[in-house]
There are 2 protein chains.
Amino acid sequence: MTKAPLGNLLFADAPMGAPPAPGLCPIRDVLSLVGQKWTLLILIALEAEPRRFSALQRAVGDISKRMLTQTLRDLERDGMISREVFPTKPPAVEYALTDLGRSALAPIAGLKDWANRHHGAIKAARTAFDGV
Amino acid sequence: MTKAPLGNLLFADAPMGAPPAPGLCPIRDVLSLVGQKWTLLILIALEAEPRRFSALQRAVGDISKRMLTQTLRDLERDGMISREVFPTKPPAVEYALTDLGRSALAPIAGLKDWANRHHGAIKAARTAFDGV
DNA sequence: GCTTGGCGGTCTACATACGAGACCATATCC
DNA sequence: GGATATGGTCTCGTATGTAGACCGCCAAGC
């Protein structure tokens, strides 16, 4: 019973026994998105209002175009944001949160709260550990 | 006012204007831990009871000793788990969740719930996107 | 005509993260 | 002596993440 490796089920309700196929474990899937460096930042930047490519880059500040493009693609692929192209003279591209993307902000806020509450403890633990 | 790049504050309450120093942004810090491949798996494996090194490796299933060691070190450094060595003949080492580590399981559960609820939508969006 | 600058990206190069497996010292079992 | 188990470290090669230069298009300035 407990013989099936955790890696296959990843504390989700996925079937056991199978090799760790992609898409098998919800949490793993979601984390591989959320865990990326810029994902959350972009979601937050879009929370208030839709933004265009360059506006996003300016808002985030230190992200390269390459990473911005890639992260936006990933988010779009997962249905978290929408991408709309306006055929203006210099073509404008606007990105906006979808309902799915907006719904993700709630659990993320929970994580953010935890982070803010316990960040001091983490930093203290780190200092103590490194000081040894 | 909105001139300070988001990257510096990372939607947390960190002071603005400074370069993105490590440890400045709680969320970034926490995510760099949680976003690692094995971190959550190990926290989950330790949720029920403390475990020894080899027991952890067997529980997770497909993790190498190298990654197990490294992830455990990181978790210990951040005060999420404790490490206790028993001077038995073949020395035994037991890992357990600290209070801090245990407190992190709550927000993680929130994320897990969201993942389970919306994983279908994400997979559908992915299929649609890839099918284009 | 020529340059300069913004827009929305792609392409190339490097650093880090990850994975597979050898190796170590000790001790027990057969 | 050989196999097994303990808790690791070390080296190597590969996958992935990240940054920075580059590109074609168009508009404005001169």
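Throughout, protein chains are lettered first and strands after them, A, B, ... in sequence-line order, and every chain is numbered starting at 1. Computation of the quantities below employed the complete heavy-atom set of this structure, encompassing side-chain atoms and omitting hydrogens, waters and symmetry-equivalent molecules.
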* Could you tell me whether Arg126(B) and Asp29(A) have a side-chain N and a carboxylate O separated by less than 4.0 Å? => yes
* Would you classify Phe86(B) as touching base, sugar-phosphate or nothing, given that sugar-phosphate means primed atoms plus P, OP1 and OP2, and contacts are heavy atoms under 4.0 Å? => nothing
* Asked: Is atom CG of Asp99(B) surrounded by more than 12 heavy atoms (other residues, nucleotides or ligands) closer than 6.0 Å?
  -> no
* Whole-Å distance separating the CD atom of Gln57(B) from the C1' atom of dG19(C) -> 13 Å
* Structure fact -> Testing dA19(D), dG9(C), dT6(D) for proximity to the side chain of Lys37(A), the answer is dA19(D)
* **Interatomic distance where CG belongs to Leu68(A) and P belongs to dC7(C) [whole Å]** => 13 Å
* Give a yes/no on whether any side-chain N or O of Tyr95(A) is located under 4.0 angstrom from OP1 or OP2 of dG8(C). => no
* Between dA17(C) and Trp38(B), is there an OP1 or OP2 to side-chain N/O distance shorter than 4.0 Å? -> no
* Asked: Can you tell which of dG8(C), dT9(D), dG17(D) lies closest to the side chain of Gln70(A)?
  -> dG17(D)
* Structure fact -> Glu84(B) atom CD is separated from dT6(D) atom C1', nearest whole Å, by 17 Å
* Asked: Which residue lies toward the 5' end of DNA chain D, Ile63(A) or Pro91(B), if each is placed at its nearest nucleotide?
  -> Pro91(B)
* Give one of base, sugar-phosphate or nothing for Ser54(B), where a contact means two heavy atoms less than 4.0 Å apart. => sugar-phosphate
* Structure fact -> Atom CG of Asp62(A) and atom C1' of dG17(D) are separated, to the nearest Å, by 15 Å
* Asked: Measuring from Leu68(B):CG to Phe53(B):CZ, what's the distance to the nearest 0.5 Å?
  -> 4.0 Å
* Of the candidate nucleotides dG19(C), dT12(C), dG7(D), which contains the atom at the shortest distance from the side chain of Arg66(B)? -> dG19(C)
* Structure fact -> Whole-Å distance, Arg73(A) CZ to dT16(D) P, equals 19 Å
* Measure from NZ on Lys65(B) to C1' on dT6(D) and round the result to the nearest Å. => 8 Å
* Asked: Counting side-chain heavy atoms from CB outward, which of dA19(D), dG7(D), dG9(C) is closest to Met67(A)?
  -> dA19(D)
* Sugar-phosphate, base or nothing in reach of Gln36(A), heavy atoms under 4.0 Å -> sugar-phosphate
* **Atom-pair distance (CZ on Phe53(B); C1' on dG7(D)), nearest Å** => 6 Å
* To do: Give the rounded distance in Å between these two atoms: CG of Leu72(A) and C1' of dG17(D).
  => 16 Å
* Asked: How is Ser64(A) classified with respect to the nucleic acid when contacts are heavy atoms under 4.0 Å: base, sugar-phosphate, or nothing?
  -> base
* Is a donor on one side and an acceptor on the other found under 3.5 Å between the side chain of Thr98(B) and the backbone of Gly79(B)? -> yes
* Report yes or no: does Thr71(A) contribute a side-chain atom to a donor-acceptor pair with the main-chain N or O of Trp38(A) at less than 3.5 Å? => no
* Answer yes or no: does a side-chain N or O of Arg58(A) lie under 4.0 Å from OP1 or OP2 of dC7(C)? => yes
